[in-house]
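Single-structure report; data block below.
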2 protein chains.
Amino acid sequence: MAQQRNTPEERIRERNVRLIIKAGIEIFARKGFDGTRIAEIADASGLPKANVYYYFSSKEEIYTAIIAHLLAGWDDALKYISADREPAEAFRLYIRAKLDYTRKNLAETRLFASEIIQGARFLKKKDRQHMRDITDRHVAVVEGWIAAGKMLPVDPRHLFIMLWAATQFYAEFEPLAADGLKKARLRTEDYDAAATTIAETILRGILPSR
Amino acid sequence: MAQQRNTPEERIRERNVRLIIKAGIEIFARKGFDGTRIAEIADASGLPKANVYYYFSSKEEIYTAIIAHLLAGWDDALKYISADREPAEAFRLYIRAKLDYTRKNLAETRLFASEIIQGARFLKKKDRQHMRDITDRHVAVVEGWIAAGKMLPVDPRHLFIMLWAATQFYAEFEPLAADGLKKARLRTEDYDAAATTIAETILRGILPSR
DNA sequence: ACAAAAGCTGACCAAAGTGTCAACTTACTG
DNA sequence: CAGTAAGTTGACACTTTGGTCAGCTTTTGT
């Protein structure tokens, strides 16, 4: 019986919770918190509504579980801004990683945007503080680069907002972005072109001209 | 009785429709289409629900009326990219005007964002085409500037998306932007600083170095 | 002054929503 | 393999929602 240790009941629970969260991400992203009906999540996850309530006791509980799940995967894409890199490389990597993340996690990205637009009602204080801390650390690195003459004196906070905005836009506002590019849908190569244009433009804008 | 000519019935209708639309903008922006309850719009506009239905026959009709109203005010802020200007001036004006518009029309801006994130379900084909046409015209101007050596060869479509993203972000994601700037709320001077950072960074990124 | 048009609204429905529950089946454990 | 814990679910209770309507009041043109 040795490695039966894989908690079989946990497996069922795990699988169903995953199904519910996956369906929830899609639907919350498209409809927002108030617009989402639990029955719709149940249908999309292939479970009866009552079964959804067996795992989650309310709509809010599903939603906050999703937000937590989403923030967990966030940090990874943002680790490139560190003082031991050269600015050009750091920003290039950051921009690519961020665009890559949003492209591969469309629904999560939109859900997060939706939550913010709707007033960040369910984003925990702790989570906001965590994001602020990361920003502060990045800002400090950029200030170091500026002091070292490796970067022009650009306001680091507005710079990061600009990067955040530019890299999120394609996923969040895909219909608009596609229209702007005269395409029916965005493809990987569009994200690549975006990364190139953003990186090259911004880098020329923040690096000392040689 | 002379100048009673100001169509008195029109006045009542006008006023109430305006109240409903104003309340609708706020609530649709915060809750999205599916999340908005007509009773809430009625309360916010100080009218009984049945009175709202006297002017609009459905939720969708209110919503699309708002979208139309919003797009009408859109074009104005985007008129600065024209071939008879120098790129630097044109982009500076464009960025300022766009930020200004979003700051002064927070709810509209968020409502539009909400509509796009939710899949642009109620944005009419005609309206999307109109926006595409404007973009095409701007792209042509930029291509002219590039051909004339007044700008570096930057992909104009991605450039406009970058500008769009950067200038919308502060209004749409105010809580995030405020956190990023370490402020409780955004003020006019933050929008000014944003305009400066965006304009100066982007301009260095797209103008030939002299 | 007065009829017609416009505006107003409480009360009402059918449909859809959230959340509950008791009874059933399946899975695991000793 | 019996007993218990976990999982499943149709049916139900209660609330909210979009939308209607008949009859009321106000405004307006003449």
Side-chain angles (χ1 to χ4, degrees), chain A residues 1-24 26-28 30-66 114 118 121-122, chain B residues 1-67 114-115 118 121-122:
Chain A
M1 277 103 218
Q3 108 277 50
Q4 185 66 342
R5 218 67 309 279
N6 281 24
T7 60
E9 346 82 40
E10 203 67 42
R11 283 280 193 56
I12 294 176
R13 172 168 226 101
E14 218 172 280
R15 179 180 126 265
N16 285 343
V17 166
R18 185 170 40 77
L19 284 174
I20 293 167
I21 289 200
K22 190 179 166 191
E26 301 286 341
I27 295 167
F28 278 124
R30 228 170 37 236
K31 305 276 188 89
F33 179 79
D34 296 288
T36 293
R37 307 291 112 123
I38 302 238
E40 216 179 333
I41 293 181
D43 285 354
S45 57
L47 266 41
K49 186 162 59 90
N51 204 354
V52 171
Y53 275 101
Y54 175 71
Y55 290 106
F56 296 93
S57 66
S58 70
K59 180 155 86 162
E60 181 166 340
E61 201 176 300
I62 303 178
Y63 190 75
T64 54
I66 290 177
S114 198
Q118 291 180 15
R121 284 183 294 169
F122 298 96
Chain B
M1 278 97 217
Q3 108 279 52
Q4 187 68 339
R5 215 68 310 276
N6 282 22
T7 57
E9 348 81 42
E10 203 68 42
R11 282 279 195 57
I12 294 176
R13 174 169 222 97
E14 218 172 279
R15 179 179 127 268
N16 285 343
V17 166
R18 187 171 41 77
L19 285 174
I20 293 166
I21 288 199
K22 189 179 166 192
I25 289 174
E26 300 285 343
I27 296 166
F28 278 124
R30 228 168 41 234
K31 307 275 189 90
F33 179 78
D34 296 288
T36 293
R37 310 290 114 130
I38 301 237
E40 216 179 332
I41 292 180
D43 286 354
S45 57
L47 267 40
K49 185 160 64 88
N51 203 355
V52 171
Y53 275 99
Y54 176 70
Y55 292 107
F56 295 93
S57 66
S58 70
K59 180 155 85 160
E60 181 167 341
E61 199 176 300
I62 303 179
Y63 191 75
T64 54
I66 290 177
I67 298 263
S114 199
E115 162 68 8
Q118 291 181 16
R121 284 184 293 168
F122 298 97

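Side chains included, hydrogens not; waters and symmetry mates left out as well; all remaining heavy atoms used. Quick note on labels: first sequence line is chain A, next is B, and so on, each numbered from 1.
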In whole Å, what is the span from the CZ atom of A:Phe56 to the C1' atom of D:dG7? 15 Å
Grab the two heavy atoms, one from A:Ala42 and one from A:Pro48, that are nearest each other, plus how far apart they are. CB-C, 4.1 Å
Looking at A:Asn16, I'd like to know whether one of its side-chain N or O atoms comes within less than 4.0 Å of OP1 or OP2 on D:dT8. yes
Set of residues satisfying salt bridge (charged side-chain N to carboxylate O under 4.0 Å, His left out) with respect to A:Arg121, sequence neighbours excluded: A:Asp34
Whole angstrom is fine here: how far is it from OH in B:Tyr55 over to C1' in C:dA6? 8 Å
Under a 4.0 Å heavy-atom cutoff, the residues of residues 32-41 of chain A touching DNA chain D are none
Quickly work out the A:Asp43 CG to C:dG17 P distance and round it to whole Å. 10 Å
Using a 4.0 Å cut-off on heavy atoms, which residues in residues 44-53 of chain B reach DNA chain C? List them by number, or say none. B:Pro48, B:Ala50, B:Asn51
Proximity to DNA chain C (any heavy atom under 4.0 Å), residues of residues 18-27 of chain B only: none
I need the NZ-C1' distance between B:Lys59 and C:dA15, as an integer number of Å. 14 Å
Let me know the distance between CD1 of B:Ile12 and P of C:dA5, rounded to the nearest Å. 17 Å
For the helix from C:dA1-D:dT30 to C:dG30-D:dC1, figure out the bend between the end axes, five pairs an end, and round to 10 degrees. 20°
Please identify each residue that fulfils side-chain contact (heavy atoms from CB on, under 4.5 Å) with A:Ala39, with sequence neighbours left out. A:Lys49
side-chain hydrogen bond (donor to acceptor under 3.5 Å, both in side chains) with B:Arg37: which residues, sequence neighbours excluded? none
Check the distance between C:dT26's C1' and A:Arg13's CZ and give it to me in whole angstrom. 15 Å
Nearest 0.5 Å, please: how far is CD1 in B:Ile67 from CD1 in B:Ile62? 13.0 Å
Interatomic distance, B:Asp43 atom CG to B:Ile38 atom CD1 [nearest 0.5 angstrom]: 12.0 Å
In terms of side-chain heavy atoms of A:Tyr54, which of D:dA6, C:dC8, C:dG19 is nearest? D:dA6
Output all residues satisfying side-chain hydrogen bond (donor to acceptor under 3.5 Å, both in side chains) with B:Glu40, sequence neighbours left out; order by chain, then residue number. B:Lys31
From A:Asn16 CG over to A:Ile21 CD1, what is the distance, rounded to the nearest 0.5 angstrom? 11.5 Å
Please list, chain by chain and in numerical order, all residues satisfying side-chain contact (heavy atoms from CB on, under 4.5 Å) with A:Ala50, sequence neighbours excluded. none
Mind checking what makes ring-ring contact (aromatic ring centres under 6.0 Å, His included) contact with A:Tyr53, not counting sequence neighbours? none
Under the ring-ring contact (aromatic ring centres under 6.0 Å, His included) test, which residues partner A:Tyr63, sequence neighbours left out? A:Phe28, A:Phe33, A:Phe122
Separation of C:dA5 P from B:Arg11 CZ (nearest whole Å): 23 Å
Here's a test for you: under side chain to side chain contact (heavy atoms under 4.5 Å, CB included), which of B:Val52, B:Ile66, B:Ile25 qualifies with B:Ile20? B:Val52
So does A:Thr36 get a backbone contact from the side chain of A:Lys59, meaning a donor-acceptor N/O pair under 3.5 Å? yes
With sequence neighbours excluded, residues passing side-chain contact (heavy atoms from CB on, under 4.5 Å) with A:Tyr54: A:Asn51
